[in-house]
Amino acid sequence: MSERARPAVNLNEIDPRVFPATAERCTGCHQLKLNGIPAIKLTDRFGTPLYVLDEDVARSRAREARKALQSEFARIGSDATVYYAGKAFLSTAVVRWMADEGLNVDVASGGELAVALAAGLAPERIGFHGNNKSEAEIAEAVAAGVGTIVIDSEQEIARVAAAAAEAGRIQRVRLRVNSGVHASTHDFLATAHEDQKFGLPLERAVELVGRIAESDALEFVGLHCHIGSQIFATDGFRESARRLLGVYPALGELLGRPVPELNLGGGFGIAYTPAQAADAPEIRAVARELADIVAETCAEAGIAVPKLAFEPGRSIIGPAGVTLYTVGTTKAVALSGTESVEEQLDGVFDERLYVSVDGGMSDNLRPALYGADYHVRIANRESDAPPALARVVGKHCESGDIVVQRDLLPGDVAPGDLLAVAATGAYCWSMSSNYNYVPRPPVVAISDGQARLIVRGETIEELVAKSVLEGEPDAEPVALGRAKRD
Ligand code: LLP
């Protein structure tokens with residue numbers, strides 16, 4: 001790359017808009033420090049790949065979201081309950097952090113429910129989601145005494161009513177509706193346009209709430225809508241609130257009482273790269289805009305403002321996470337032909353440096369699944385080498401096994417270097433797999449100079465032990481059909 005084309009970027013800088021706010025480059029040692037701990041001390045102790053969650057950042061983001069939403073809705077004479085969406089990342093430790101910070105927890109399966117309960121969370125602080133909860137999951141949730149179950153199909157009205165009657169309880173329920181709002185995000189992440197599996201049409205809300213109200217075992221608390229995930233613009237949330245509140249007068253008439261609550265789901269986007277930093281919404285501004293539209297719509301409709309509920313996941317835990325990897329190999333690949341010379345990140349590059357790390361799509365599926373991009377920096381040292389257009393790739397047998405599509409790294413990045421990928425707290429560990437029999441990495445929480453294991457990593461021995469050979473007790477043949485030889 002020519003001098004003229006060299007981007008004016010300091011590759012040693014740790015960008016606080018993408019890395020956790022407590023991350024910094026240590027002035028004396030030149031290494032990345034995460035919440036006061038040199039990254040190499042973490043990896044010396046726990047190995048790589050390693051998921052690191054900054055507990056202080058996660059807690060302060062949770063607290064900030066709750067305070068922002070509660071104070072903005074208090075301003076319009078209402079209140080807000082914040083559920084942490086556990087699908088983003090759930091472990092017993094994280095449930096406790098969220099509970100301490102005054103958040104409830106939203107779970108989307110029997111497994112997530114079990115984690116929340118194992119952490120000792122009061123069941124009334126749990127909201128239970130899912131478009132196809134099994135009858136066993138519903139029965140467990142009702143028996144545990146979960147605060148609310150979000151009904152997501154016609155069949156579920158009867159199923160939840162039956163489970164509640166059986167348990168001798170009155171179950172509080174929400175109805176998930178589809179507001180028809182198309183959130184501007186990746187197609188797979190948008191959930192409230194018409195042609196997808198979640199929710200029921202808003203036009204049917206009155207009829208369906210009528211059916212819920214017929215059951216003595218169910219108490220309807222409000223409508224729920226989640227328009228999608230990783231959303232930057234607030235107009236979709238505002239429009240969704242407006243549409244849902246549009247049916248509240250009719251619902252109030254039907255029930256003979258005001259609908260107490262409105263749940264607008266989660267979906268607030270975060271910056272994964274410095275280029276996105278200016279666009280990522282700030283929770284206080286979102287809260288203010290939403291409170292304004294809710295107040296205005298309720299005033300127009302002549303109804304009291306219901307209590308609001310929200311379910312942010314990514315915006316709380318995503319920026320608290322960093323994944324540490326060790327570089328194994330590097331490979332410079334020519335971008336041949338003038339049309340394929342990449343002109344990006346403010347530079348002109350005629351080759352791409354493939355940097356292979358010891359993890360990949362098994363610990364972060366998002367680039368392969370959504371084309372998501374991430375930001376990476378060298379963690380074990382500084383470098384003044386000229387920048388290279390880098391692609392960080394994993395060790396899996398698939399060319400789409402990419403961790404960072406494109407970023408600049410010092411051109412002398414080499415085997416043995418430690419890389420830190422920012423903003424991996426949400427939907428990375430929770431969507432991890434054992435592809436190629438790669439064990440899932442551990443998760444370590446850091447706070448005030450201390451590191452603590454919060455999720456054990458897997459071992460190859462554990463994965464091998466899942467295979468069952470003839471002669472082992474679990475492999476005992478079971479006669480389930482007619483034998484051919486008879
Ligand atoms: N509430 C409901 C009903 C949801 O379905 C979701 C996310 C959330 C809350 C939390 O949304 P958040 O605030 O985290 O955006 N795997 C994808 C994201 C899928 C989100 C699914 N539902 C990703 O990696 O981007």
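Both counts, for ligands and for their atoms, begin at 1 and track the order of listing. Quick note: residue numbers are just sequence positions, from 1.
- For the pair Val393/Arg391, a side-chain contact is recorded, criterion being any heavy-atom separation below 4.5 Å from C-beta on.
- For His129 and His226, the distance between ring centers is not under 6.0 angstrom.
- Using modelled atom types, one finds a donor on one side chain and an acceptor on the other under 3.5 Å when comparing Asn35 with Asp54.
- Using a 4.0 Å cut-off to heavy atoms of Glu311, the atoms of ligand 1 that qualify are 1 (N), 2 (C), 3 (C), 8 (C), 9 (C), 10 (C), 13 (O).
- Residue Asp106 approaches ligand 1 through these ligand atoms, each under 4.0 Å from one of its heavy atoms: 1 (N), 9 (C).
- Applying the ring pair (Phe, Tyr, Trp, His ring centres under 6.0 Å) rule to pairs touching residues 307-328 yields Phe73-Phe310, sequence neighbours excluded.
- Taking only non-hydrogen atoms, the option from Arg314, Arg176, Gln230, Met431 nearest to atom 3 (C) of ligand 1 is Arg176.
- Which parts of ligand 1 touch Pro312 is read off a 4.0 Å heavy-atom cut-off, strictly below it: atoms 13 (O).
- When ring centroids are compared, Phe237 and Phe268 come within the 6.0 Å threshold.
- Residue Phe198 places no heavy atom under 4.0 Å from ligand 1.
- For ligand 1 and Gly267, the ligand atoms under 4.0 Å from any heavy atom of the residue are 11 (O), 12 (P), 13 (O), 15 (O).
- Side-chain N or O atoms of Lys133 include one that pairs as donor or acceptor with a backbone N or O of Val150 at under 3.5 Å.
- Each of the atoms 12 (P), 13 (O), 14 (O) of ligand 1 lies under 4.0 Å from some heavy atom of Gly313.
- Checked against a 3.5 angstrom limit, the closest N/O atoms of His129 and ligand 1 fall outside it.
- Side-chain contact annotation: Thr297 with Arg242, donor-acceptor N/O pair under 3.5 Å absent.
- Listed by number with element, the atoms of ligand 1 under 4.0 angstrom from any heavy atom of Gly266 are 9 (C), 13 (O).
- Checked by distance only, ligand 1 and His224 stay at 3.5 Å or farther apart across all their nitrogen or oxygen atoms.
- Of the candidates Lys87, Arg366, His226, it is His226 that places a heavy atom closest to atom 11 (O) of ligand 1.
- Considering backbone and side-chain atoms together, Ser315 places no N or O closer than 3.5 Å to any N or O of ligand 1.
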